[in-house]
Protein chains: 2
Amino acid sequence: MAKVDTNKVMQQAERSCVEHGVRLTSKRKHILEVLLNAQAPRSAYEIADLYRQKTEENIPVMSVYRMLDFLMQNSLVHKLASNNKFIACAHIACSHSHQTPQFLICDNCQQVREIGVDKQLIHALEESIEHNHFQLNSPQLELHGLCETCQQDS
Amino acid sequence: MAKVDTNKVMQQAERSCVEHGVRLTSKRKHILEVLLNAQAPRSAYEIADLYRQKTEENIPVMSVYRMLDFLMQNSLVHKLASNNKFIACAHIACSHSHQTPQFLICDNCQQVREIGVDKQLIHALEESIEHNHFQLNSPQLELHGLCETCQQDS
DNA sequence: CAAATTATGATATATCATATCATTTCAATA
DNA sequence: TATTGAAATGATATGATATATCATAATTTG
Ligand SMILES: [Zn+2]
Ligand SMILES: [Zn+2]
Ligand SMILES: [Zn+2]
Ligand SMILES: [Zn+2]
């Protein structure tokens with residue numbers, strides 16, 4: 001969860017949605033901004049609370065889930081299955097198309113680093129599943145451990 | 001979720017618990033047996049239902065969660081974070097010590113294959129995270145896709 | 001046996017997620 | 001610009017997953 005230039009990212013998000021012919025409404029934007037400003041992954045209910053703080057408007061959790069679905073479909077947000085929380089994509093402002101994400105999740109401070117799955121790893125994965133006659137869908141990986149800071153503290 | 005010889009597996013589970021000085025009570029055994037006989041991962045609530053069918057005794061879900069915790073601590077059961085379900089370890093009866101598990105989850109029929117993470121993959125993973133100054137805990141992997149059978153059907 | 005420890009039960013509540021139908025907003029186009 | 005159809009959002013209910021806490025039962029240990 002490195003620092004990001006929110007404005008730049010939002011501009012790129014808008015561009016991307018225009019390109020794909022989908023609508024980044026103002027509520028959807030607020031949800032994305034909330035996640036961009038968060039220091040760690042947030043649950044849908046936490047996002048609803050942050051939305052209220054930010055806009056002073058109430059938002060039904062049902063709507064938050066729908067907007068998260070929209071944002072996920074457009075690769076602007078990811079869901080971490082291992083803790084049922086959501087995180088803004090770290091690569092919105094990058095020029096390259098979005099790769100399969102890999103998340104390094106710190107079990108101490110909860111911060112998450114999103115990196116692209118590297119070639120070596122993809123290759124090893126494919127080898128591994130090939131032996132098992134399995135056809136991979138989308139190998140999002142969630143790896144738990146300690147971030148650099150938390151390693152030093154312990 | 002290949003067929004297993006339940007009796008043999010249960011014997012080995014008992015041996016393993018004795019060795020580690022922990023108690024595989026009759027209720028914990030029933031929970032494990034339920035999972036061994038299941039054809040796919042089950043939620044804690046489903047396990048409670050199956051327990052009732054099997055034993056004709058009621059069991060509080062709270063107890064199921066506790067027993068699952070016990071079984072997980074002793075590597076007899078795993079939790080799949082990506083769907084909040086539980087599965088019996090496929091390697092209970094193997095002689096080798098338990099490795100980091102990797103799960104191939106079929107998104108069509110829900111069956112799960114548990115394999116050991118292979119050397120190549122471990123190596124690639126380590127490379128990948130090394131570049132990010134991250135210290136991996138236990139890299140349980142959950143890979144989604146299609147099993148052999150479901151590939152043919154589609 | 002008594003005491004200590006561990007396992008289980010009972011109850012309540014927190015947390016995460018979806019189903020469904022109503023209303024509003026927005027864009028296309030007649 | 002008025003009509004209308006589609007997409008987005010709201011409102012409400014409910015289902016599914018998980019934990020907290022205190023009470024009771026079973027087991028081990030001295
Ligand atoms: Zn991403
Ligand atoms: Zn950390
Ligand atoms: Zn296992
Ligand atoms: Zn299948």
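So that the names make sense, note that chain A is the first sequence line, chain B the second, and so on, each numbered from 1. Since this is a predicted model, take the numbers as computed values, not measurements.
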Quick test: give all pairs of protein nitrogen or oxygen and nucleotides 3-6 of chain D nitrogen or oxygen below 3.5 Å, distance rounded to 0.1 Å.
none

Are there any protein N/O atoms within less than 3.5 Å of an N/O atom in nucleotides 14-16 of chain C, and if so, which ones and at what distance?
residue: dC16(C); atom: OP2; partner: Ser43(A); partner atom: OG; Å: 3.4

Dump the pairs, protein N or O against N or O of nucleotides 23-30 of chain D, anything under 3.5 Å, distances to one decimal.
none

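In terms of the side-chain contact (heavy atoms from CB on, under 4.5 Å) criterion, residue partners of Arg66(A) (sequence neighbours excluded) are, by chain and number, Met62(A), Ser63(A).
Counting only distance, with no hydrogens or angles, the side chain of Glu114(B) and the backbone of Ala90(B) share a donor-acceptor pair below 3.5 Å. Proximity of a side-chain donor or acceptor of Glu56(B) to a complementary backbone N or O of Lys54(B) within less than 3.5 Å is not detected.
Using modelled atom types and a 3.5 Å distance limit, the side chains of Ser82(B) and His144(B) yield a donor-acceptor pair. Gln140(A) and Glu142(A) share a side-chain donor-acceptor pair at under 3.5 Å.
For dA8(D), the OP1/OP2 oxygens have no side-chain nitrogen or oxygen of Thr25(A) closer than 4.0 Å.
Rounded to a whole Å, the OH atom of Tyr51(A) is 12 Å from the C1' atom of dG10(D). Atom C1' of nucleotide dA7(C) and atom CD of Gln73(B) are separated by 13 Å, given to the nearest angstrom. Between the CE atom of Met67(B) and the P atom of dA7(C) there is a distance of 10 Å, given to the nearest Å. In this structure, Leu71(B) places its CG atom 13 Å from C1' of dA7(C), rounding to the nearest Å. Between Ile59(A) atom CD1 and dG10(D) atom C1' there is a gap of 10 Å when expressed in whole angstrom units. Remark: C1' of dG10(D) and CD1 of Ile31(A) are 14 Å apart, rounded to the nearest angstrom. The CG-P distance, from Leu68(B) to dA18(D), rounds to 10 Å in whole Å. The interatomic distance linking Met62(A) (CE) with dA11(D) (P) rounds to 13 Å, in whole Å.
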Contacts table for residues 46-53 of chain B: side-chain donor-acceptor under 3.5 angstrom, sequence neighbours left out:
residue: Glu46(B); atom: OE1; partner: Ser43(B); partner atom: N; Å: 2.7
residue: Asp49(B); atom: OD1; partner: Arg52(B); partner atom: NH2; Å: 2.9
residue: Arg52(B); atom: NH1; partner: Asn58(B); partner atom: OD1; Å: 3.0
residue: Arg52(B); atom: NH1; partner: Ile59(B); partner atom: O; Å: 3.2

Side-chain donor-acceptor distances from residues 18-29 of chain A under 3.5 Å, at least two apart:
residue: His20(A); atom: ND1; partner: Ser16(A); partner atom: O; Å: 2.6
residue: Thr25(A); atom: OG1; partner: Arg28(A); partner atom: N; Å: 3.3
residue: Arg28(A); atom: NH1; partner: Arg23(A); partner atom: O; Å: 2.7

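Between Ser128(A) and Gln120(B), every side-chain heavy-atom pair lies at or beyond the 4.5 Å cut-off. The shortest side-chain heavy-atom distance between Ile31(A) and Leu71(A) falls under the 4.5 Å cut-off.
Taken from CD in Glu130(B) to CD in Glu127(B), the straight-line distance is 5.5 Å, to the nearest 0.5 Å.
In this structure, His91(A) has its ring center no closer than 6.0 Å to that of His78(A).
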